[in-house]
Amino acid sequence: MSVRVRFAPSPTGNLHVGSARTAIFNWLFARHHGGTFVLRIEDTDQERNRPEYTRSILDGMRWLGLDWDEGPEAGGDHGPYFQSERLPLYREALARLRREGRAYPCFCSPERLEAVRQEQLAAKANPRYDGTCRSLSAAEAQARIDAGERYALRIRIEHDEPVTWEDRGKGTITFAPEMLDDLVIAKSDGFPTYNFAVVVDDVGMAITHVIRGEDHISNTPKQILIYRALGAPLPEFAHIPMILGADRSKMSKRHGATSVVEYEKAGFLAEAFFNFMTLLGWSPPDDSREIYSQQELTDLFTLDRVVAHGAIFDAEKLKWMNLQYIKALPPDDLYRRSMPFLEAIPGFPGPYGPAALRELAGLFRERMNTLAEITRHAEYFFQEPEAYDEKGLKNALKTPDLPAVVEALAARLAAVDPFAHDPIEAAVRAVAEGRGIGAGKVIHPARLALSGRTEGPGLFELMAVLGRDRCVARLRAFLDRRPWESIQS
RNA sequence: GGCGCUAUCGUCUAGGGGUUAGGACGCCGCCCUCUCACGGCGGUAACCGGGGUUCGAAUCCCCGUAGCGCUACCA
């Protein structure tokens, strides 16, 4: 039997980092086994669902390269793939269970249920349904229904043995029978409860492996009971560890960016993000590498190498990994993918054509952890520097006769042709030599005059991109402004 | 409160009856160098505690502790 797994997000927000990891493991498992990856949208919560989030989740998955074989916009033989369209299926299953006597109406009021719960809690007991309506006769139940009483549907648990299963992520898990009760499977408004809908869907979609976050462990015995009532075969369960914030609690807003789209906007590469997420709670057999392509990960992925404990999301390591991917980008790709962040620079595109912009992006390849950083790094290519770094000015004063050196450089550069790296370097070094000073004594003030900064790309390649006229003009502007005079050494 | 899951460097992890407990991020130092960054080299740093089993336990078992999760007619 071929593998069928599913990812079942609720459209109550953008694709969450934790959900994305669950989706990734499911996808990896399906692709590794040549199985089917199903996407199902659990949109039954009328209050919190927003249709635009479905769109956003789909986009997030596509960004990560997680293609689904069945689901929204993909079709399939096991639909519909929105829970909101599966109501008839749930009703049918519910009716069948009632007919078979495996489910019964419960007329207990929420108030009474709550009171019982409080009582049990006070007695330090595990709260569970007291079975009031369990033994109502069919006739009596029908009478109350006919009288218009509101009722929920509960499943009738027949056995008193522990529920246990071999979890593919956690090993043997057992729940004592006292922990289980006749749970509600249909609310008084006729809608199925979460646990019931999930099981009906997973059965209907022929899911063979349920891979999900460990926060679902305590739902599992309930669901197993529902599988049994339905007479359906059990899938394999694999509960995977959670992704945590820096304080080891469930990742939430206060831990920083929690949705995938935020990482996309921040200039992370999808392939880096994917790689990083995969290594959170899973490791390849050869532990000595960190960088793996999606294909390699697909080949290597097995559930038995998933760890059992939660993992803190370390944004620092993500940045490092992103840099590794940025460094490996072919020049054209780097340029193309940097474009949205270049466009955000005031003054873009200035006088630069595609070739120059491509060069420009290349200057920052090894200097940015995220593509978004280029926005700040490259500012001075599109605007004159407004101020000069103070430490840089102090340092520039160590160059003897600074104005003369800068003027000499400007004059010399004006005659460089072609205005390219090597001739520029020759010119700069000639100026230094001509005045009997070290090259650094020219280079550092020049960078300061050109960019206002003390750090950045190599001076010669920077100049080549900036162009002769702008270089000369900025050097002369520096001389006109005489910013070093305001510095007290 | 009850139940469940978990426990190796600060973080992600490998390993798993006998190892100098390995790798990666971070941090520190050195080298490279026109700055920054990249890169190279080196360093820092861990088996939660207590019992038991065993010739030998970080590894297996039990207890404790701690963290997290779940405890709905939410999903």
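In this text, all values refer to a predicted model and were calculated from it rather than measured experimentally. Below, chain A is the first sequence line, B the second, and so on; all start at residue 1.
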Q: When the P atoms of B/rA37 and B/rG26 are compared, how many Å lie between them, rounded to an integer?
A: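 That atom pair is separated by 12 Å.
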
Q: When the aromatic ring centroids of A/Tyr325 and A/Phe268 are compared, is their separation below 6.0 Å?
A: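 No, the ring of A/Tyr325 stays outside the 6.0 Å limit from the ring of A/Phe268, centre to centre.
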
Q: State plainly whether the residues A/Glu373 and A/Arg376 are in salt-bridge range, i.e. N to O under 4.0 Å.
A: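 Salt bridge flag = no for A/Arg376 with A/Glu373.
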
Q: Can you tell if the side chain of A/Thr278 reaches within under 4.5 Å of the side chain of A/Leu28, non-hydrogen atoms only?
A: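 Side-chain contact under 4.5 Å: yes.
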
Q: With rounding to whole Å, what would you report as the distance between B/rG49 and B/rG10 at their P atoms?
A: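 The same atom, P, in both gives a distance of 13 Å.
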
Q: Looking at the side chain of A/Lys170, which of B/rU6, B/rG15, B/rA24 is the nearest nucleotide?
A: B/rU6

Q: Using a heavy-atom cut-off of under 4.0 Å over every strand shown, decide if A/Val307 touches base, sugar-phosphate, or nothing.
A: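 Touches sugar-phosphate only.
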
Q: Check every strand shown and say whether A/Ala308 touches a base, only sugar-phosphate, or nothing at a heavy-atom separation below 4.0 Å.
A: sugar-phosphate

Q: Hey, do the aromatic rings of A/Phe313 and A/Tyr263 have their centres closer than 6.0 Å?
A: yes

Q: Of all the nucleotides listed (B/rU11, B/rC34, B/rG23), which has the minimum atom distance to the side chain of A/Ser288?
A: B/rG23

Q: Under 4.0 Å, heavy atoms only, any strand: does A/Arg128 hit a base, just the sugar-phosphate, or nothing?
A: nothing

Q: Under 4.0 angstrom, heavy atoms only, what part of the nucleic acid is A/Leu121 near: base, sugar-phosphate, or nothing?
A: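 Contact class for A/Leu121: base.
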
Q: Using a heavy-atom cut-off of under 4.0 Å over every strand shown, decide if A/Gly213 touches base, sugar-phosphate, or nothing.
A: nothing

Q: Between B/rC34, B/rG1, B/rC12, which nucleotide has the shortest distance from any of its atoms to the side chain of A/Arg447?
A: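 Nearest listed nucleotide: B/rC34.
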
Q: Choosing from B/rA37, B/rC25, B/rA14, which nucleotide comes nearest the side chain of A/Glu366?
A: B/rA37

Q: Using the C1' atom on both, measure B/rC47 against B/rA14 and round to a whole Å.
A: 13 Å

Q: Determine the interatomic distance between P on B/rU8 and the same-named atom on B/rG15; round to the nearest Å.
A: 14 Å

Q: Given B/rU6, B/rC34, B/rC38, identify the nucleotide with an atom nearest to the side chain of A/Lys327.
A: B/rC38

Q: Please determine if A/Arg98 forms a cation-pi arrangement with A/Tyr104, meaning its NZ or CZ atom is less than 6.0 Å from the six-membered ring centre and no more than 45° off the ring axis.
A: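 No.
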
Q: Tell me what A/Leu459 touches on the nucleic acid: a base, only sugar-phosphate, or nothing, going by heavy atoms under 4.0 Å.
A: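 It contacts base atoms.
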
Q: Does the distance from a Lys or Arg side-chain N to an Asp or Glu carboxylate O, for A/Arg156 and A/Asp182, drop under 4.0 Å?
A: no

Q: When you check the gap from the basic side-chain N to the acidic O, do A/Glu407 and A/Arg435 get nearer than 4.0 Å?
A: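 A/Arg435 and A/Glu407: not salt-bridged.
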
Q: Heavy-atom nearest nucleotide on RNA chain B for A/Gly440 versus A/Gln324: which residue maps closer to 5'?
A: A/Gly440

Q: Would you check if the distance from the ring center of A/Trp320 to the ring center of A/Phe276 is below 6.0 Å?
A: no

Q: Please pick, from B/rA14, B/rG1, B/rC12, the nucleotide with the shortest atom-to-atom distance to any side-chain atom of A/Lys124.
A: B/rG1

Q: Does the salt bridge (Lys or Arg N to Asp or Glu O under 4.0 Å) test come out yes or no for A/Glu425 and A/Arg429, once each step is laid out?
A: CA-CA 6 Å; A/Glu425 175 166 9; A/Arg429 293 197 186 281; 2.9 Å; yes

Q: Using the P atom as the reference point in each nucleotide, state the distance between B/rU53 and B/rC12 in Å, no decimals.
A: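 My reading of the P atoms in B/rU53 and B/rC12 gives 35 Å.
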
Q: Below the 4.0 Å mark, does B/rG15 have OP1 or OP2 next to a side-chain nitrogen or oxygen of A/Arg305?
A: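 Indeed, a polar side-chain atom of A/Arg305 lies that close.
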
Q: Go ahead and name the base partner of B/rC27; Watson-Crick or wobble counts if both distances stay under 3.5 Å, otherwise write none.
A: B/rG43

Q: Run the ring-centre check on A/Phe25 versus A/Trp282 and record whether the distance is less than 6.0 Å.
A: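 Centroid separation for A/Phe25 and A/Trp282: 6.0 Å or greater.
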
Q: Could you state the NE2-C1' distance from A/His309 to B/rA7, rounded to the nearest angstrom?
A: 8 Å

Q: Just to be sure I understand the rule, does A/Thr454 reach a base, reach only the sugar-phosphate, or reach nothing, if contact means heavy atoms closer than 4.0 Å?
A: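 If one applies the 4.0 Å heavy-atom cut-off, A/Thr454 turns out to touch a base.
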
Q: Is the shortest side-chain N to carboxylate O distance from A/Arg40 to A/Asp202 below 4.0 Å?
A: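 Salt bridge present between A/Arg40 and A/Asp202.
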
Q: Please report, rounded to the nearest Å, how far the P atom of B/rC5 is from the NE2 atom of A/His239.
A: 12 Å

Q: Taking atom C1' of B/rG39 as reference, at what distance in whole Å does atom CH2 of A/Trp320 sit?
A: 13 Å

Q: Round to a whole Å and report the spacing from CE of A/Met321 to C1' of B/rU11.
A: 13 Å

Q: Whole Å only: how far is the CD atom of A/Glu290 from the P atom of B/rU11?
A: 16 Å

Q: Please state the P separation for the pair B/rG29 and B/rC38 - nearest whole angstrom.
A: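 Approximately 15 Å lies between the P atom of B/rG29 and that of B/rC38.
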
Q: Taking the P atom of each, how far is B/rC41 from B/rA24, in whole Å?
A: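 It works out to 9 Å between them.
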
Q: Rounded to the Å, how far apart are A/Ile173 CD1 and B/rU6 C1'?
A: 11 Å

Q: Which nucleotide, B/rG2, B/rC34, B/rU6, lies nearest any side-chain atom of A/Met179?
A: B/rG2

Q: Round to a whole Å and report the spacing from CG of A/Asn275 to C1' of B/rC12.
A: 12 Å

Q: Once you apply a heavy-atom cut-off of 4.0 Å, does A/Phe460 come out as touching a base, just sugar-phosphate, or nothing?
A: base

Q: With RNA chain B as reference, determine whether A/His421 or A/Pro284 sits nearer its 5' end, using the nearest nucleotide of each.
A: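 Mapping each residue to its closest nucleotide by heavy atoms, the 5'-most match is A/Pro284.
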
Q: To the nearest Å, how far apart are A/Asp286 CG and B/rA24 P?
A: 12 Å

Q: Applying a 3.5 Å limit to both distances, which nucleotide forms a Watson-Crick or G-U wobble pair with B/rC70?
A: B/rG2

Q: Using the P atom as the reference point in each nucleotide, state the distance between B/rU54 and B/rC61 in Å, no decimals.
A: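 After rounding to an integer number of Å, I get 16 Å for this pair.
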
Q: With sugar-phosphate meaning primed atoms plus P, OP1 and OP2, does A/Pro457 contact a base, only sugar-phosphate, or nothing at under 4.0 Å between heavy atoms?
A: base

Q: Partner lookup for B/rA7, please. Criteria are Watson-Crick or G-U wobble with both distances under 3.5 angstrom; report none if nothing qualifies.
A: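 Partner of B/rA7: B/rU65.
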
Q: Base contacts versus sugar-phosphate-only contacts with protein, heavy atoms under 4.0 Å: please encode nucleotides 63-75 of chain B as B, S and - from 5' to 3'.
A: ----SSSSSSBBB

Q: Measuring from the side chain of A/Asp314 (C-beta onward, heavy atoms only), which nucleotide among B/rU11, B/rU6, B/rU13 has the closest atom?
A: B/rU11

